[in-house]
Structures are given as structure tokens and as C-alpha cells.
Colleague: 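Take a look at the following structure, please.
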Amino acid sequence: MKIFLLKPLLLSFFFVFAVQSAVASGDLHEALSKRIDDHAVYEKFVKTPEGRSNLRAYRKDGKSLYAYFTEKAVKDISSGYKKILTTLLPAYFEGPVPSADELDIHHDHLGGLVDAPGNFLTAYRNSQGHNVAVLAAKGGSSNLLKVIRDKGADVAEMLENFVSTSVEHIADALFEVAPSLLVKTHFSDQITRLMVLALNDPDQYLGRTGYTGHKEPGLKAKLEHKGIKFDQKDIGGNTADSLAELVRGQNKENAQRSILKVASGVLGEHSLDSHFWKRVTENPYGHLLGSRNPQAFVDIALNAVLSQKQAPVRASFLQQDLSHGAEANELWGSFLKTHDALESQKSERLPDVLRVLKIARDFEDRNILDGAKRGEIRTLQSNIFANGGTFGMSSRKANRDEVELMISLLTSLGKKKSEAGDSAHEIANSFFKASSHYLDREQEARLESHQINCAVMALHSIIGDDFNEIDKLLESKPRIVTYGSSRQRYDELMAMAG
């Protein structure tokens with residue numbers, strides 16, 4: 001990873017046809033040609049093995065009947081398509097378990113599954129990767145969960161991953177069928193899924209006052225009735241009760257901030273190593289903030305790093321020294337890889353080091369940091385700009401996109417430092433740092449020119465077009481090679497950025 005110097009310079013057709021022709025010759029084709037939207041047609045055909053086979057084989061607009069009506073139901077929920085989907089389901093319960101392309105069951109299309117055999121209930125996955133127990137939990141179907149359990153399936157195991165990642169959909173059905181799952185600990189520091197539920201929906205957890213004025217029992221009351229205790233504390237001394245009250249007593253933004261503090265505090269106790277980012281994505285508090293979304297991952301991860309005790313690897317990761325540069329760069333590499341795995345769209349085509357600078361800038365913009373942590377994030381940026389930090393330097397000319405981003409980052413950094421009380425001299429000086437590597441005279445000149453360019457762009461953000469003032473501020477800096485005045489540098493860099 002490098003920082004780039006700113007320097008001026010026909011078989012398939014036959015198969016489908018054969019299937020459709022075979023179906024077209026039967027009663028199904030004739031019935032559907034007249035009453036395709038009538039669920040009674042499907043009620044008739046699902047009663048015989050031959051009819052069910054024909055329903056599975058039939059294609060409408062190239063799609064299975066179930067896929068066709070699922071698409072229709074998304075667009076028009078009032079048309080009775082849901083009833084057709086429910087009636088069609090039994091047609092798929094024979095033979096091998098169908099793929100999600102053929103049978104994509106949604107949690108609001110669960111009718112008919114109670115008749116499914118046990119192997120179907122345990123093996124089926126829809127397009128989101130959800131199994132039938134997850135669909136039942138999302139749909140609040142305690143009856144279906146009990147059917148799955150009674151057919152020999154391990155409901156708790158089927159729900160294991162779902163509970164830790166999508167707790168907002170857990171319904172009373174889950175409490176009745178697998179209550180022990182809710183209090184299984186996820187980390188040795190005793191953070192529980194129960195606490196996650198309390199944070200996510202405190203009224204569901206603690207109970208709420210109904211229209212009669214009486215308190216409706218919440219999850220806590222239901223599980224206490226089953227003999228489950230609620231005295232566990234997390235690493236910050238919080239209980240499920242205290243966290244639920246915290247969220248309920250604050251507006252959403254403040255509650256989110258409090259949850260972030262808890263999540264980063266917990267993670268801050270772990271060492272900064274190759275497993276750290278996985279701990280971030282698996283942290284149950286983090287799921288409430290969407291830690292499987294790249295922006296929330298960054299917020300939780302960097303807050304956790306900033307919450308850690310001072311250590312050599314941490315210092316190098318934050319670009320405060322170069323003593324553990326190899327470990328720091330390896331950590332940044334795995335950080336970006338984890339970030340990209342969560343990204344639904346392709347990440348920007350930028351060198352990793354520029355992505356780190358942009359991530360640090362955006363992280364600071366989103367988060368409320370105390371003075372020390374804010375200073376560390378700004379030092380990370382200025383040190384990388386000054387000499388490449390642990391990433392090293394490259395003398396190749398930056399392209400237009402790279403120059404444009406660097407100008408934006410330098411402008412933002414200069415304004416923030418000025419607003420924080422840094423003088424123009426302090427801002428300029430932050431970009432002049434010696435390289436940790438031996439440089440010959442020509443390399444030294446290019447590095448110094450790059451540092452002057454960085455200082456010019458940062459100073460321009462607070463001084464504006466008074467280039468005489470910028471030149472005065474930079475006069476004390478030795479120049480091995482002169483590339484002109486600050487005005488000339490500014491104009492050349494802006495031209496490079498287009």
C-alpha cells in the first residue's frame with residue numbers, strides 16, 4: 001500500500017420447449033389458460049401426484065408458477081396472489097428440495113408448510129438463506145415452529161444464527177419454543193442475546209402499558225416465569241434491564257451513541273490482532289448498529305481501537321510511530337477486506353492508503369469524539385500525508401481521481417485543525433516529517449515538494465487566496481528543489497484535479 005506524491009506534472013431451448021409442450025397437452029394448461037389467477041384451479045391439482053407434478057413443471061413467462069406469483073404478490077398485495085402461493089406450496093413437497101429460484105418462500109407466505117415433511121422443513125433455504133424456522137420466527141408463527149420441533153428438527157440450532165443477527169424480528173413464538181436460546185452467552189464477558197433484545201426493543205423486553213392502563217408483560221416477565229435469571233452484567237457493569245431503560249429513556253440518536261460506547265468498550269478489552277475485525281462483526285451490540293453494514297463496521301471498529309489501552313501495535317496502526325509497521329499494514333489490509341465483504345456495491349478503485357485516509361475523515365465526521373481520540377484520528381491523517389506513515393511512499397504521479405480526493409481530504413483536515421484551535425504554523429508543521437527510510441537527494445526533494453503541496457492545500461482551506469501569507473508561513477521550510485510559489489502550486493494541483 002502506497003501514498004502517492006502530489007506533484008505537478010440451441011440445446012437448452014429444445015429442453016424448455018419439450019417441457020412446455022408436454023404440459024400444454026394436459027388439463028393444467030387448458031385450466032390455466034382460462035383462470036390463471038383463480039386459486040381454486042391449484043386446489044384441484046394439488047390433490048393428486050400427477051397434478052402436483054404438472055404444477056411443478058409448468059412455466060409462466062419462463063418462471064415457475066411460485067416464482068411468477070411471488071413477483072405478482074410483491075407488486076399487488078391485495079389481489080389474492082398470497083392465497084395462490086399458499087395453495088401452490090404442497091406441490092413442492094415431493095422429490096428433492098427445490099432451489100430458491102423455483103421456490104422462494106417469504107415469511108408472509110407460510111401457509112401450507114405445516115403439511116411439509118420433516119426433510120423439507122430442515123433442508124429448505126430461500127433466496128435470503130433463511131430456513132423454515134427463521135421464516136416462522138419472522139412471521140410470528142408459533143404453530144409452525146412447534147410443527148418443526150415435533151417433526152424432530154432442532155429449532156434452536158435452526159434459529160441460532162438468525163437470533164444473533166436479526167433480533168428485531170423475533171416474536172413470542174420464539175420465546176415459547178426455544179427460550180434457552182435467548183440467554184446463551186456469546187462472549188466470555190457475559191454479553192447475552194437477551195441483552196441485545198433489551199436494547200433493540202425495550203418495550204418488548206420490559207413490557208408496555210396497554211390501552212387498559214395495565215402493564216402488558218414483556219419478554220422478561222415471560223422468561224422469569226420459566227425460572228430464567230436476569231442478573232448478568234456486561235463488561236461495563238450493565239444489565240439487560242439497565243440497557244433497556246437507557247434506550248427507552250433517550251432519543252434514538254443518543255441511544256445509538258450509548259450502544260456504540262458499550263460495543264466499543266467491550267471490544268477495546270480484546271487485543272488488536274488478526275481476529276479483531278471478526279469480533280467486531282460478531283459483537284451482538286454491534287448488530288443493533290448494523291455492524292454488517294460497512295459504515296457501522298467502521299464506526300464500531302475504530303471506536304474500539306481508540307478505546308484500547310496504549311500498545312505498540314495500536315500506535316503503529318494509528319500511524320503514531322513506525323515500529324510495528326508490518327503488523328499495522330496487515331491489520332489495515334484485513335480491515336479493508338472485512339469492510340469490502342460487507343459492501344453491497346464495489347468499493348472505489350483507489351489505493352488502499354487513500355481509502356484509509358478517506359475512511360478516517362468520514363469516521364471523524366460521523367462520530368462525536370473526545371479531544372484525545374479526535375487528535376489521534378487527525379494525527380493519523382497528517383502523518384500519512386507527510387511521509388506515508390507505515391504505508392511508505394511512491395513517487396509516481398497521482399491520477400486525477402486521486403489528486404481530487406487528496407485535495408478534498410487536505411482541505412477538510414485543515415479546516416478541522418483550525419476550528420480546533422491549531423494555528424496556521426502548527427497546521428503547516430504537521431505535514432513536515434522526515435522519512436523513516438534512507439532517501440537520496442532527488443527522493444528527498446520530491447518528498448519535500450509533496451509536503452509543501454500538502455501544506456499549501458491545508459492552509460488555503462483556512463487562509464483562502466492570500467498566497468503571500470501562505471508563502472510567509474512556508475518561508476522557514478528549507479527547499480532543496482524549488483517548484484514555484486504557493487499560488488503556482490495551488491493552480492497546478494487544481495488543474496490536475498480537473
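Note that the structure is a prediction, hence the values are computed from the model and not measured.
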Colleague: Counting only N and O atoms by type, is there a donor-acceptor contact under 3.5 Å from the side chain of Tyr124 to the main-chain atoms of Ala100?
Modeller: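 No; judged by distance alone, with no hydrogens or angles, the pair does not exist.
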Colleague: Which pairs with one or both residues in residues 297-310 pass salt bridge (charged side-chain N to carboxylate O under 4.0 Å, His left out), sequence neighbours excluded?
Modeller: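 As it turns out, the salt bridge (charged side-chain N to carboxylate O under 4.0 Å, His left out) pairs with a partner in residues 297-310, which skip direct neighbours, are Asp299-Arg366.
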Colleague: Nearest 0.5 Å, what's the NZ-CD distance between Lys433 and Gln451?
Modeller: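 Spacing of NZ (Lys433) from CD (Gln451) equals 9.0 Å.
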Colleague: Step by step, work out the ring-ring contact (aromatic ring centres under 6.0 Å, His included) result for Phe276 and Phe335.
Modeller: CA-CA 9 Å; Phe276 192 78; Phe335 174 96; 9.8 Å; no
Colleague: Would you say the side chains of Ser435 and Asn387 form a donor-acceptor pair under 3.5 Å?
Modeller: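 No, no side-chain donor-acceptor pair sits under 3.5 Å.
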Colleague: So, are Asp365 and Lys416 salt-bridged, with charged N and O less than 4.0 Å apart?
Modeller: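 A salt bridge is present here (some side-chain N lies under 4.0 Å from a carboxylate O).
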Colleague: Enumerate donor-acceptor pairs with a distance under 3.5 Å from any side-chain N or O in residues 403-413 to protein atoms, sequence neighbours excluded.
Modeller:
unit_1 : atom_1 : unit_2 : atom_2 : d
Ser408 : OG     : Arg361 : NH1    : 3.3
Thr411 : OG1    : Ile407 : O      : 2.8

Colleague: When rounded to the nearest 0.5 angstrom, what distance separates CD1 in Ile377 from CG in Leu302?
Modeller: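 Between Ile377 CD1 and Leu302 CG, I get 5.5 Å after rounding to 0.5 Å.
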Colleague: Is there a side-chain contact between Val353 and Trp332, using heavy atoms and a 4.5 Å cut-off?
Modeller: no
Colleague: Taking Ser449 for its side chain and Ala445 for its backbone only, find out whether a donor-acceptor pair lies under 3.5 Å.
Modeller: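 Such a contact is absent between Ser449 side chain and Ala445 backbone.
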Colleague: Can a donor-acceptor pair be found between the side chains of Thr70 and Asp104 at a distance below 3.5 Å?
Modeller: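 No - no donor-acceptor pair under 3.5 Å links their side chains.
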Colleague: How far apart are the closest heavy atoms of Gly325 and Ser316, and which atoms are they?
Modeller: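 So the minimum-distance heavy-atom pair works out to N-OG, 4.2 Å.
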Colleague: Starting from the C-alpha separation in whole Å, work towards a yes-or-no answer on side-chain contact (heavy atoms from CB on, under 4.5 Å) for Phe297 and His339.
Modeller: CA-CA 7 Å; Phe297 165 73; His339 174 278; 4.1 Å; yes
Colleague: Checking the side chain of His324 only, and the main-chain atoms of Ala311 only, is there a donor and an acceptor separated by less than 3.5 Å?
Modeller: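 It does not hold such a pair.
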Colleague: Can you check salt bridge (charged side-chain N to carboxylate O under 4.0 Å, His left out) on Lys417 and Glu426, steps first, answer last?
Modeller: CA-CA 9 Å; Lys417 283 176 172 284; Glu426 289 172 323; over 6 Å; no
Colleague: Determine yes or no for a side-chain-to-main-chain donor-acceptor pair under 3.5 angstrom, with Ser264 supplying the side chain and Ala304 the backbone.
Modeller: no
Colleague: In sequence, state the C-alpha distance, the side-chain angles, and the governing distance for Lys278 and Thr338, and then conclude on side-chain contact (heavy atoms from CB on, under 4.5 Å).
Modeller: CA-CA 8 Å; Lys278 184 179 180 182; Thr338 304; over 6 Å; no
Colleague: Could you measure the distance from the OG1 atom of Thr379 to the CD atom of Gln319? Nearest 0.5 Å is fine.
Modeller: 11.0 Å
Colleague: State whether Glu419 and Lys415 are salt-bridged, where the test is any N-O pair (Lys NZ or Arg NE/NH1/NH2 against Asp/Glu carboxylate O) under 4.0 Å.
Modeller: no
Colleague: How would you list, by chain and number, every residue that makes a ring-ring contact (aromatic ring centres under 6.0 Å, His included) with His106, sequence neighbours excluded?
Modeller: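 ring-ring contact (aromatic ring centres under 6.0 Å, His included) check on His106 returns His109.
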Colleague: Please check if the side chain of Trp277 supplies one atom and the backbone of Ala301 the other of a donor-acceptor pair under 3.5 Å.
Modeller: no
Colleague: Is there a side-chain contact between Phe391 and Asp352 (heavy atoms, below 4.5 Å)?
Modeller: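 No, their side chains stay 4.5 Å or more apart.
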Colleague: Side chain of Asn383, backbone of Ala386: donor and acceptor closer than 3.5 Å?
Modeller: no
Colleague: Between Asn329 and Thr390, do the side chains contain a donor N or O and an acceptor N or O under 3.5 Å apart?
Modeller: yes
Colleague: Do the side chain of Asn367 and the main chain of Leu369 share a donor and acceptor less than 3.5 angstrom apart?
Modeller: no
Colleague: Compare all side-chain heavy atoms of Arg487 with those of Asp491 and state whether any distance is below 4.5 angstrom.
Modeller: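 Yes - at least one pair of side-chain heavy atoms lies under 4.5 Å apart.
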Colleague: Atom CG in Leu474, atom CZ in Phe432: separation rounded to 0.5 Å?
Modeller: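 Result: 5.5 Å between the selected atoms.
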Colleague: Is there a side-chain contact between Ile105 and Leu113 in this structure, where contact means two heavy atoms from C-beta onward sitting under 4.5 Å apart?
Modeller: yes
Colleague: Between Ser99 and Asp101, do the side chains contain a donor N or O and an acceptor N or O under 3.5 Å apart?
Modeller: no
Colleague: Does His450 reach the side chain of Met393, with side-chain heavy atoms less than 4.5 Å apart?
Modeller: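 Side-chain contact under 4.5 Å: yes.
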Colleague: When you compare the side chain of Pro96 with that of Phe120, does any pair of heavy atoms fall below 4.5 Å?
Modeller: no
Colleague: Is Glu492 salt-bridged to Arg489, cutoff N-O under 4.0 Å?
Modeller: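 Arg489 and Glu492: not salt-bridged.
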Colleague: So, does Arg314 use its side chain to make a donor-acceptor pair with the main chain of Leu306 at under 3.5 Å?
Modeller: yes
Colleague: Minimum heavy-atom separation for Asn399 to Arg396, with atom names?
Modeller: N-NH1, 4.1 Å
Colleague: Can you give me the closest heavy-atom contact between His130 and Val134, atom names plus distance?
Modeller: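 Heavy atoms only, the tightest pair is CG-CG1, 3.5 Å.
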Colleague: Taking the side chain as every heavy atom from C-beta outward, state whether Asp465 and His460 have any atom pair closer than 4.5 Å.
Modeller: yes
Colleague: Between Asp466 and Lys472, does at least one N-O distance fall below 4.0 Å, as a salt bridge requires?
Modeller: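 Salt bridge between Asp466 and Lys472, a charged N being under 4.0 Å from a carboxylate O: no.
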Colleague: What are the two closest heavy atoms between Arg378 and Ala420, and how far apart are they?
Modeller: NH1-CB, 3.3 Å
Colleague: Do Ser418 and Ile427 pass the side-chain contact (heavy atoms from CB on, under 4.5 Å) test, and can you show the C-alpha distance, the side-chain angles, and the key distance before you say yes or no?
Modeller: CA-CA 8 Å; Ser418 177; Ile427 293 171; 4.1 Å; yes
Colleague: How close do Leu145 and Ala133 get, heavy atom to heavy atom, and via which atoms?
Modeller: CD2-O, 3.7 Å
Colleague: Is it true that the side chains of Ser274 and Glu330 contain a donor and an acceptor less than 3.5 Å apart?
Modeller: no
Colleague: Considering only heavy atoms from C-beta outward, does the side chain of Gln381 approach that of Glu364 to under 4.5 Å?
Modeller: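 Yes - at least one pair of side-chain heavy atoms lies under 4.5 Å apart.
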Colleague: Under the side-chain contact (heavy atoms from CB on, under 4.5 Å) criterion, do Thr122 and Asn131 qualify, and how do the steps go?
Modeller: CA-CA 7 Å; Thr122 55; Asn131 59 44; over 6 Å; no
Colleague: Short question: side chain of Gln310, backbone of Ala315 - any donor-acceptor pair under 3.5 Å?
Modeller: no
Colleague: Nearest 0.5 Å, please: how far is CG in Asn429 from OG in Ser382?
Modeller: 11.0 Å
Colleague: Do you know the tightest heavy-atom contact between Ile470 and Gly464?
Modeller: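 Between these two residues, the closest heavy atoms are CD1-O, 4.0 Å.
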Colleague: Could you go through Arg374 and Asp370, starting from their C-alpha distance and side-chain angles, then the distance that decides it, and tell me whether this counts as salt bridge (charged side-chain N to carboxylate O under 4.0 Å, His left out)?
Modeller: CA-CA 6 Å; Arg374 187 171 60 246; Asp370 63 35; over 6 Å; no
Colleague: Taking atom OG of Ser486 and atom CG of Asn468, what is their separation to the nearest 0.5 Å?
Modeller: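 Between Ser486 OG and Asn468 CG, I get 7.5 Å after rounding to 0.5 Å.
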